[in-house]
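Order of the sequence lines sets the chain letters (A, B, ...), proteins ahead of strands, with each chain counted from 1. When reading the values below, keep in mind they use all heavy atoms of this one structure, side chains included, and skip hydrogens, waters and symmetry mates.
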Number of protein chains: 2
Amino acid sequence: MFDERQRYSADNCSVKRTLDIVGEKWTLLVLREAFYGARRFEEFLTRVGCARNLLAERLNTLTGAGVMRRVPYQEPGQRERYESRLSDKGLDLLPAIIALMQWGDRWQADADGPPVEITHRDCGHPAELVLRCAHDHTPLTARDIQPRPGPGAQPARSAHSDKSAAR
Amino acid sequence: MFDERQRYSADNCSVKRTLDIVGEKWTLLVLREAFYGARRFEEFLTRVGCARNLLAERLNTLTGAGVMRRVPYQEPGQRERYESRLSDKGLDLLPAIIALMQWGDRWQADADGPPVEITHRDCGHPAELVLRCAHDHTPLTARDIQPRPGPGAQPARSAHSDKSAAR
DNA sequence: CAGTATCCGGTGCGATACTG
DNA sequence: CAGTATCGCACCGGATACTG
């Protein structure tokens, strides 16, 4: 698929950079619950089902990365506390969550259908995630696409000889 | 040993089910390389950059889950060998990869831009992933959506437990 | 080439106890 | 309620060595 000479380094791959933030165990499930409306620590804890320390760690990583932000709140008679909400950067992860959900719905679901539906709030119809050509909006599948080096691509490294007769 | 009430009905969440297959470390990077055209073990190894045993493990998991399939090939003068290719089930993971890539491009990229572009093979224009209403095709953001229980939704879980083998 | 097997130090995970 | 602190253990990562 790639021009064979064009080796890129995996360090500056956007997938890897994203996974460095959200790729740890439980993190995407924490985000799922955030999208579902969870905000408080105990709420995440019971709904995600991971260990307390891990949840604390994940929330710290996510706020540190700017994906979530800590918002103060105060219940009457209680001291001030903080809850965790998605930032804009975090809200923009919705397509990733939905992509995983859609795939699970299609290929790993029970016979009775998906456990959760994502709907358009205004009209109630389901939301869908589509891959398409930015130009003519043709729907695209994996067979219609062609990856190629972008502006931030690093020049090929010629550290050692390259055989690579792939296809 | 394990408090039942602390368990969310997240076991049947499609996101979790998907992550049970592709959520381990390196797996999504292996899939990224598969989309980029990698097929042979050593090819994955150098491009993904993980340990041999982990790569073997991941490829086994993926073929076991039907995401990749082992295809025989024969180089002249060599014995028959196998390479790993994406199945239809695996090809359908492209949106998830692209969602992660797009987010990385938007929020974690270098100044010079994304290292890789996904283009429409036929016309050369970039591919894009859009979330929209299935009914009227309105583009949707996180603020426009509403999750709600689907047909496969489970109420609460009774005290009869299954295995706790998380992951 | 395409793996499997083994070893070993380190990190991350999971459960619980503890604190404010 | 919202976290820390702690501890045993599983798994990871990297380096070989071995097999077909």
*Asks:* Considering heavy-atom distances to DNA chain D, does A/Leu59 or B/Ala51 have its closest nucleotide positioned more toward the 5' end?
*Replies:* A/Leu59
*Asks:* Please determine, for the side chain of B/Lys25, which listed nucleotide (C/dC13, D/dG13, C/dA2) has the closest atom?
*Replies:*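 For the B/Lys25 side chain, the nearest candidate turns out to be D/dG13.
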*Asks:* Walk me through whether A/Leu59 and A/Phe41 qualify under side chain to side chain contact (heavy atoms under 4.5 Å, CB included).
*Replies:* CA-CA 9 Å; A/Leu59 288 175; A/Phe41 191 88; 4.0 Å; yes
*Asks:* State which of D/dC1, D/dG13, C/dC13 makes the closest approach to the side chain of B/Asn53.
*Replies:* D/dG13
*Asks:* Measure CZ/A/Arg58 against P/C/dG12 and give the value in whole Å, please.
*Replies:* 9 Å
*Asks:* When you measure from the centre of the six-membered ring of B/Tyr73, is the NZ or CZ of B/Arg40 closer than 6.0 Å and no more than 45° off the axis?
*Replies:* yes
*Asks:* Please determine whether a side-chain nitrogen of the Lys or Arg among B/Arg143 and A/Asp88 lies less than 4.0 Å from a carboxylate oxygen of the Asp or Glu.
*Replies:* yes
*Asks:* Within the structure shown, what part of the strands sits under 4.0 Å from B/Phe44 by heavy-atom distance: base, sugar-phosphate, or nothing?
*Replies:* nothing
*Asks:* Rounded to whole angstrom units, what separation is found between the CD atom of B/Glu24 and the C1' atom of D/dA10?
*Replies:*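 Those two atoms, CD and C1', are 13 Å apart.
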*Asks:* Is it true that B/Glu83 and B/Arg85 have a side-chain N and a carboxylate O under 4.0 angstrom from each other?
*Replies:* yes
*Asks:* Nearest-Å distance, CD (B/Glu80) to C1' (C/dG3)?
*Replies:* 15 Å
*Asks:* Would you indicate what A/Arg70 reaches in the nucleic acid, counting non-hydrogen atoms under 4.0 angstrom: base, sugar-phosphate, or nothing?
*Replies:* nothing
*Asks:* Check every atom of C/dC13, C/dT4, D/dC1 against the side chain of A/Arg81 and return the nucleotide holding the closest atom.
*Replies:* D/dC1
*Asks:* Here's a test of your reading of the structure: between A/Phe41 and B/Arg52, which maps to the more 5' nucleotide of DNA chain D?
*Replies:*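 This one resolves to A/Phe41.
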